[in-house]
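We use all heavy atoms of the structure for the numbers below, so side chains are in, but hydrogens, waters and symmetry mates are not.
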Amino acid sequence: MDIDQNPVEFEAESLEHAILTKLDDDKAQDIVCIDLRGKSSVADTLIIASGRSHRHVGALADHVMRALKEQGFGKVRVEGLPACDWVLLDAGDVVVHLFRPEVRSFYNIEKIWSVSSNHTIDPLRQ
């Protein structure tokens, strides 16, 4: 941790990194990370990713929830697991949206936050 860094910011960055790493390990597609600081009080970061199928989306959500619990980030609130078309994970400072590709294309939530759909990231860039 940087000496000048706020402990809350460090935990948020650690949470974000844990999620991005798990999504990358589990072969999530088109991962986008949107910084919401100063734009919304809901969360600091919004992560959007796609799974190849209902099963893949469900597995991504399950693996992220387990990894965060194992790493001491606590329990994540989840919506949409039964259908697995669009699963929302609320980890506090970070909110994750997991979609099947056609559902993601239909809702296009990246556009709501004015982010280019070509703004994919390297999850391990940090």
Side-chain angles (χ1 to χ4, degrees):
M1 179 168 70
D2 185 0
I3 295 173
D4 298 329
Q5 191 172 22
N6 179 336
V8 174
E9 285 180 26
F10 179 74
E11 184 170 339
E13 287 178 10
S14 297
L15 175 63
E16 179 183 321
H17 185 72
I19 293 168
L20 292 171
T21 300
K22 192 62 181 160
L23 290 173
D24 187 56
D25 289 349
D26 288 350
K27 308 292 188 246
Q29 300 174 332
D30 302 320
I31 302 169
V32 176
C33 187
I34 302 169
D35 184 0
L36 298 178
R37 290 178 201 99
K39 296 178 186 176
S40 174
S41 61
V42 173
D44 290 339
T45 305
L46 180 65
I47 296 173
I48 305 165
S50 297
R52 294 179 302 276
S53 64
H54 293 96
R55 245 190 162 138
H56 190 212
V57 170
L60 290 169
D62 182 59
H63 293 170
V64 168
M65 290 187 304
R66 287 180 190 209
L68 295 181
K69 187 173 182 183
E70 289 170 2
Q71 293 178 35
F73 289 106
K75 191 171 179 179
V76 175
R77 292 175 294 284
V78 62
E79 294 288 333
L81 260 182
C84 292
D85 284 327
W86 176 358
V87 177
L88 182 137
L89 302 172
D90 182 352
D93 291 330
V94 180
V95 174
V96 182
H97 293 272
L98 302 171
F99 291 98
R100 284 188 309 109
E102 54 275 12
V103 177
R104 182 176 179 173
S105 176
F106 179 79
Y107 288 103
N108 197 10
I109 66 173
E110 289 99 328
K111 187 175 181 182
I112 294 170
W113 296 101
S114 298
V115 173
S116 166
S117 61
N118 295 331
H119 182 67
T120 55
I121 61 152
D122 176 4
L124 304 176
R125 72 177 198 265
Q126 299 170 349

Just how far is it from atom CG of Leu98 to atom CG of Asp85, taken to the nearest 0.5 Å?
-> 12.0 Å
Measuring from Glu70:CD to Lys22:NZ, what's the distance to the nearest 0.5 Å?
-> 8.0 Å
Rounded to the nearest 0.5 Å, what separation is found between the OG1 atom of Thr45 and the CD1 atom of Ile19?
-> 8.5 Å
Over all atoms of both residues, closest heavy-atom pair of Leu20 and Ile31 = CD2-CG2, 3.7 Å
Kindly compute the distance separating CG (Asp44) from CD1 (Ile34), expressed to the nearest 0.5 Å.
-> 13.5 Å
For residues 73-84, which side-chain donor-acceptor pairs fall under 3.5 Å, sequence neighbours excluded?
unit_1, atom_1, unit_2, atom_2, d
Arg77, NH2, Asp90, OD2, 3.4

What is the minimum heavy-atom distance between Leu60 and Gly51, and which atoms define it?
-> CD1-CA, 3.9 Å
Same apolar cluster (I L V M F W Y, side chains within < 4.5 Å links), Ile47/Val42 = no
Gap between atom CG of Leu46 and atom CD of Glu16 - 0.5 Å precision = 10.5 Å
For His63, enumerate each residue passing the side chain to side chain donor-acceptor pair (under 3.5 Å) test, keeping only those at least two apart in sequence or located in another chain.
-> Asp26
Partners meeting side chain to side chain contact (heavy atoms under 4.5 Å, CB included) with Ser53 (sequence neighbours left out) | Arg55, His56
What are the two closest heavy atoms between Leu36 and Ala43, and how far apart are they?
-> CB-O, 3.3 Å
Quick one: ring pair (Phe, Tyr, Trp, His ring centres under 6.0 Å) pairs with a partner in residues 34-55, sequence neighbours left out?
-> none
Who pairs with Asp35 by side chain to side chain contact (heavy atoms under 4.5 Å, CB included), at least two apart in sequence or on another chain?
-> Arg37
Can you sort out the partners of Arg66 under salt bridge (charged side-chain N to carboxylate O under 4.0 Å, His left out), two or more places apart, ordered by chain and number?
-> Asp62
For His97, all residues meeting side chain to side chain donor-acceptor pair (under 3.5 Å), sequence neighbours excluded = Trp86
Going through the distances and angles, do Asp30 and Glu110 end up as a side-chain contact (heavy atoms from CB on, under 4.5 Å)?
-> CA-CA 11 Å; Asp30 302 320; Glu110 289 99 328; over 6 Å; no
Shortest non-hydrogen contact between Val87 and Ala61, atoms and distance = CG1-CB, 3.7 Å
Where do Ala18 and Gln71 come nearest, in terms of heavy atoms and distance?
-> CB-OE1, 3.3 Å
